[in-house]
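What follows is a single structure, written as structure tokens, with notes after it.
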Amino acid sequence: MTIVNGSFPTLQSNYLFAEIARKVAAFKEANPERKVISLGIGDVTRPLVPAVLAALHKAVDEMGDAVHFRGYGPEQGYAFLREAIVKHDYKARGVALESEEIFVSDGAKSDIGNFQELFSKDSIVAVTDPVYPVYVDSNVMAGRAGSFADGRWQRIVYLPCVKANDFVPDFPKTRPDMIYLCYPNNPTGTALSRTALQGWVDYARREGCVILYDSAYEAYIQNEDIPHSIYELDGAGEVAVEFRSLSKTAGFTGLRCAYTVVPKNLQISDNNVGKIALNGLWNRRQCTKYNGCPYIVQRAAEAVYSEAGRKQVRNVIVGYHNNAARLSAAVKDMGLEIYGGVNAPYIWVSVPGGMDSWGFFDRLLHSAALVCTPGVGFGVSGEGYVRLTAFGSPEDTMEAIARLQAEC
Ligand code: PLP
């Protein structure tokens, strides 16, 4: 008798972070006097900004009085937040979207993990390599990935992002049904130019694929030629879903608020059901399985779009950018090649010749008590790189830089 979803036991264990934790614990035990600084964290460290705190306090008080108390809210999010998103994240950049195309949620991770449910088990998925693991594992759980061999799932199409292609994936030889793109990218910190992203939109239109565009790091974009939304590109509304999050934009990793854009014009053709709009399907899915992001959190998210909120979160991001710029300069001074770190909080470092990702991890840990993330943990094409993050405090970042300089 088969009872358990047989795909779950095939998931690969999260070896990367467990192994990092094991190595760091062993180092600390052997060197109790040394302060370990992590340049590996993928979480923000700065607190919520005052505008967000004020909105939270006000909303908490509302919940305690019978007149303003709110129970279940709309599954798709309150109109006040959906309208603020449309106005500030899209209209301000010349993109016309309707509130009904925005679905507010408790996180991009859950939305990205859940969205694949709208596709058949037979559909083919393409991901970049290296990759944010949620895209792969959620498809493994759904039984869409096939078997695992030599670090890769046999039914997943991998798009290597390496120095030779400037970390811009080439179009696949096998046509996928869904393509996960994450830009600005975790882990490489690289961004896609307008021309490169238009190329992907045109490819998806030509081949009839859906692009699942993860833009969790949009707020870190600095360069003019980098689009902030995939909908800035011609025809993207017919082929792309966009995932955004307040986690890295406004320090909401603990508070939890994100949103997914599913344009009404986005339809897929299917031999059984004909043409079908994903907006209606996602709405149906959310209304069945989700009861909405908490009211107080949505009020806090609304405050991010206020004039004061926008200024305050921008200042926090400037702080992370400064960390990234200083770290990048220090690593370059070590004679190493780096990528990213300008339009993203991540710096992708090419490790010294003759070493692999884990070898360089060990060297930084033992010589400088610094923790990085070995690139190979994000996929086969990440071998030979490590990821550094700019999310530390300015003090820790400066201390890490001093140690890197001593290391040169
Ligand atoms: N997408 C990417 C690429 C991420 O790196 C992360 C978090 O690290 C997420 C999504 C998750 O975002 P959220 O906190 O909204 O679930």
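Residues take their numbers from the sequence shown, with the count starting at 1. What you are looking at is a predicted structure, and each value in this text was computed from that prediction instead of being measured. Atoms within a ligand are numbered from 1 in the order they appear, just like the ligands themselves.
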**Message:** Using the ring centroid of each side chain, check whether F243 and Y213 are separated by less than 6.0 Å.
**Reply:**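 No, the ring centres sit 6.0 Å or more apart.
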**Request:** Indicate the ring-plane relationship of Y259 and Y90, choosing parallel, tilted or perpendicular according to the 30° and 60° boundaries.
**Result:**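 If you compare the ring of Y259 with that of Y90, the planes turn out perpendicular.
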**Request:** Over 60° means perpendicular and under 30° means parallel, so classify the ring planes of F391 and Y220, tilted if in between.
**Result:**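 Perpendicular, since the angle between the ring planes exceeds 60°.
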Can you give me a line-by-line list of nitrogen or oxygen pairs between ligand 1 and the protein shorter than 3.5 Å?
from, atom 1, to, atom 2, distance (Å)
ligand 1, 1 (N), D214, OD1, 3.4
ligand 1, 1 (N), D214, OD2, 2.6
ligand 1, 5 (O), N186, ND2, 2.8
ligand 1, 5 (O), Y217, OH, 2.6
ligand 1, 8 (O), Y217, OH, 3.4
ligand 1, 8 (O), K248, NZ, 2.9
ligand 1, 14 (O), S247, OG, 2.6
ligand 1, 14 (O), R256, NH1, 3.0
ligand 1, 14 (O), R256, NH2, 3.4
ligand 1, 15 (O), A108, N, 2.8
ligand 1, 15 (O), S245, OG, 2.6
ligand 1, 15 (O), S247, OG, 3.3
ligand 1, 16 (O), A108, N, 3.2
ligand 1, 16 (O), K109, N, 2.9
ligand 1, 16 (O), R256, NH2, 2.7

**Request:** Report yes if the side chains of L118 and R285 come closer than 4.5 Å at any heavy-atom pair, otherwise no.
**Result:**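 Counting from C-beta outward, L118 and R285 do come under 4.5 Å.
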**Message:** Does K28 have more than 12 heavy atoms from other residues, nucleotides or ligands lying within 6.0 Å of its NZ?
**Reply:**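 No, because the 6.0 Å sphere around NZ of K28 holds 12 heavy atoms or fewer from other groups.
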**Request:** List the steps, then state whether side-chain contact (heavy atoms from CB on, under 4.5 Å) holds for I347 with R387.
**Result:** CA-CA 6 Å; I347 302 162; R387 188 192 74 173; over 6 Å; no
